[in-house]
Amino acid sequence: MMNFVEELRWRGMLHDIMPGTEEQLNKGMTAGYLGFDPTSDSLHVGSLAQIMTLIHFQRAGHKPFALVGGATGMVGDPSGKSVERNLLSEEVLNHNVSGIEAQLKRFLDFDCGPTSAVLVNNYDWFKGISFLEFIRDVGKHITVNYMMAKDSVKRRLEGETGISFTEFSYQLVQGYDFYYLWKEKNCQLQIGGSDQWGNIVTGTELIRRKDGGTAFALTTPLIKKSDGTKFGKTESGTIWLDAAKTSPYRFYQFWINASDEDVKNWIRIFTLKSREEIEALEQEHALAPHLRILQKALANEITTRVHSEEALETAISTSEFLFGNGSLIFLKSLSDVAIMNVFEGIPQFTITRVEFSQGIQAVDLLAEKSAVFTSKSEARKMIQGGGVSINKEKLGDASQVISTADLINDRYLVVQKGKKNYYLLIVG
RNA sequence: GGGGGGAUUCCAGAGCGGUCAAAUGGGACGGACUGUAAAUCCGUUACUUCGGUUUCGAAGGUUCGAAUCCUUCUCCCCCCA
């Protein structure tokens with residue numbers, strides 16, 4: 001059985017750990033939990049690091065609880081926030097909780113005997129607790145002085161905007177989660193991101209003061225990018241785990257585009273590859289960096305885990321088609337639905353078949369019938385500059401006539417403005 | 001209230017009667033190179049049926065001809081009260 005803490009340590013996934021935690025884990029199977037915030041109906045690549053932590057936890061022979069914050073989500077965690085958050089409606093929250101639960105089920109093993117993962121929603125135990133009960137049974141054990149000393153609270157007290165009682169009490173609510181799971185499920189460890197340390201410690205403190213019990217804490221570092229920008233975001237937005245929000249192709253591209261510097265950290269965090277495997281890959285990568293061996297290894301494993309083997313293959317062939325010398329044969333082999341998938345998020349224009357049937361000059365097609373270009377001269381200039389391709393073939397002449405014979409699957413035309421700007425023209 | 005300066009094509013900023021669709025720099029976009037990177041180099045950067053057409057704060061005027069001269073208006077900035 002592997003040593004969980006040691007595993008996190010070499011992967012660079014350990015930020016802070018409470019004394020005694022490692023000893024407890026080495027004693028034998030320990031139950032631990034990690035909470036997910038239902039601020040959206042899907043998890044994103046940022047949450048993926050937490051999921052990986054739980055996967056390692058289970059692989060190390062421990063019992064993971066994945067908690068979805070149906071209750072805490074109603075309150076709002078002030079950690080890392082400089083202003084008061086907007087409350088989500090119950091309806092949205094329920095929707096988000098079920099979306100996240102469905103995703104979490106993919107990653108952990110829920111049927112493997114004693115170390116089976118368990119999914120819990122803190123709303124289940126909070127819904128029965130009255131306000132008076134809570135402030136008598138929980139609030140009594142923690143002083144306001146203690147709560148105010150927390151960084152997340154302190155910063156808000158010093159700031160201009162202040163903090164509502166609701167967000168102020170958040171740490172108690174999360175602290176009670178830990179107490180409840182400790183008491184009812186023998187859950188002795190809470191894992192979280194480094195910003196959660198304060199909240200977790202309130203939990204261990206509550207367990208100590210209320211029942212004289214011992215519980216442990218472990219946090220993972222914030223994932224950084226070498227260029228200083230935020231991890232998990234691109235120009236086009238957050239990278240979600242939900243295929244409907246971020247297509248597997250985009251997801252795959254996100255990892256493929258990792259810089260050499262970042263990929264060395266990320267491959268440790270987001271894959272289950274062993275130290276030896278990773279070091280071997282790194283050596284191979286160093287010999288031929290342009291092959292992007294590390295990025296590919298990372299993207300392949302993670303796309304398969306989050307989506308599927310088939311999704312990965314489509315993502316690879318899509319990437320080859322769009323960036324490499326991928327051929328039209330790939331596109332021609334796809335169904336209409338699959339084509340729409342490949343071109344998801346790419347500007348599309350529809351042209352009537354009548355207009356198209358007698359043939360159309362390239363300039364008119366691109367500037368008049370579609371909005372690839374805003375004017376004909378612009379289109380003409382770029383064609384002359386060698387910057388426009390139709391169906392992967394460079395357009396040599398602006399007056400070239402495009403007709404039905406050029407269509408892919410008798411419906412589509414793939415237009416490229418420069419290398420990276422794709423447009424899909426659909427003849428309908 | 002008095003005096004002065006300015007408004008130019010995405011931005012900054014030249015031009016001061018024809019040779020100006022307007023220098024130059026930046027940005028953006030394309031090409032080459034490359035690792036779907038950075039740097040570098042090259043090109044494009046009002047519209048067009050390639051004949052022309054509409055642009056230089058707005059409206060008028062002078063002139064064969066105006067971004068450039070005159071008048072009025074609008075808006076900015078500075079100095080003195």
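Numbered from 1 within each chain, the chains take letters A, B, ... in sequence-line order.
- Across all non-hydrogen atoms, the minimal contact from A/Pro248 to A/Ala311 is CB-CB, 3.9 Å.
- Near RNA chain B, defined here as any heavy-atom distance below 4.0 Å, the residues from residues 251-268 of chain A are A/Gln253, A/Ile256, A/Asn257, A/Asp260, listed numerically.
- Contacts of A/Lys296 with the nucleic acid, taken as non-hydrogen atoms under 4.0 Å apart, are absent.
- A 3.5 Å limit on both hydrogen-bonding distances identifies B/A7 as the Watson-Crick or G-U partner of B/U74.
- Once rounded to the nearest 0.5 Å, the distance linking CE of A/Met13 with CZ of A/Phe270 reads 7.5 Å.
- Of the P atoms belonging to B/C10 and B/U48, the separation is 16 Å, rounded to the nearest Å.
- The closest side-chain donor-acceptor pair between A/Gln196 and A/Gln174 falls under 3.5 angstrom.
- With a glycosidic angle no more than 90° from 0, B/G51 adopts the syn conformation.
- Taken residue by residue, residues 412-420 of chain A places heavy atoms nearer than 4.0 Å to RNA chain B at A/Lys417, A/Gly418, A/Lys419, A/Lys420.
- In terms of position on RNA chain B, the residue among A/His285 and A/Asp364 whose nearest nucleotide sits closer to the 5' end is A/His285.
- When each of A/Trp240, A/Trp255, A/Phe251 is paired with A/His307, the ring pair (Phe, Tyr, Trp, His ring centres under 6.0 Å) condition holds for A/Phe251 and for no other.
- The partner of B/C50 cannot be assigned: no Watson-Crick or G-U wobble pair with both contacts below 3.5 Å exists in any strand.
- A/Glu6 has no carboxylate O lying under 4.0 Å from a charged side-chain N of A/Arg275, or vice versa, which leaves the two without a salt bridge.
- Judged by the 6.0 Å and 45° rule, A/Lys392 forms a cation-pi pair with A/Phe321.
- Along RNA chain B, the nucleotide closest to A/Val388 and the one closest to A/Ser375 are compared, and the more 5′ of them pairs with A/Val388.
- Across all non-hydrogen atoms, the minimal contact from A/Phe65 to A/Cys187 is CD1-SG, 4.4 Å.
- A gap of 31 Å separates the P atoms of B/A14 and B/G30, to the nearest Å.
- Using Watson-Crick or G-U wobble geometry with both donor-acceptor distances under 3.5 Å, B/U44 finds its partner in B/A28.
- Nucleotides of RNA chain B that come within less than 4.0 Å of any heavy atom of chain A span, from the 5' end to the 3' end, B/C29 to B/C50.
- With values rounded to the nearest 0.5 angstrom, A/Asp77 atom CG is found 8.5 Å from A/Thr72 atom OG1.
- For B/C69, the paired nucleotide is B/G61, the pair qualifying as Watson-Crick or G-U wobble because both relevant distances are below 3.5 Å.
- Rounded to whole Å, the separation between the C1' atoms of B/A59 and B/A66 comes to 16 Å.
- Comparing the same atom, P, in B/C56 and in B/A67 gives a spacing of 7 Å after rounding to whole Å.
- Nucleotides B/G27 and B/C76 are separated by 25 Å at their C1' atoms, to the nearest Å.
- With P as the reference atom, B/G43 and B/C16 are 27 Å apart, rounded to whole Å.
- B/A7 and B/U34 have their P atoms separated by 47 Å, with the value rounded to a whole Å.
- Remark: A/Lys417 is positioned above the aromatic ring of A/Phe373, its terminal NZ or CZ atom under 6.0 angstrom from the ring centre and at most 45 degrees off the axis.
- Rounding to the nearest 0.5 Å gives a distance of 4.5 Å between CD of A/Glu167 and CZ of A/Arg156.
- Of the candidates A/Thr204, A/Thr202, A/Leu67, A/Phe178 forms a side-chain contact (heavy atoms from CB on, under 4.5 Å) with just one, namely A/Thr204.
- Taking the six-membered ring for Trp, A/Tyr176 and A/Phe126 have ring centres closer than 6.0 Å.
- Using atom C1' as the reference point in both B/U45 and B/G4, the two lie 37 Å apart (nearest Å).
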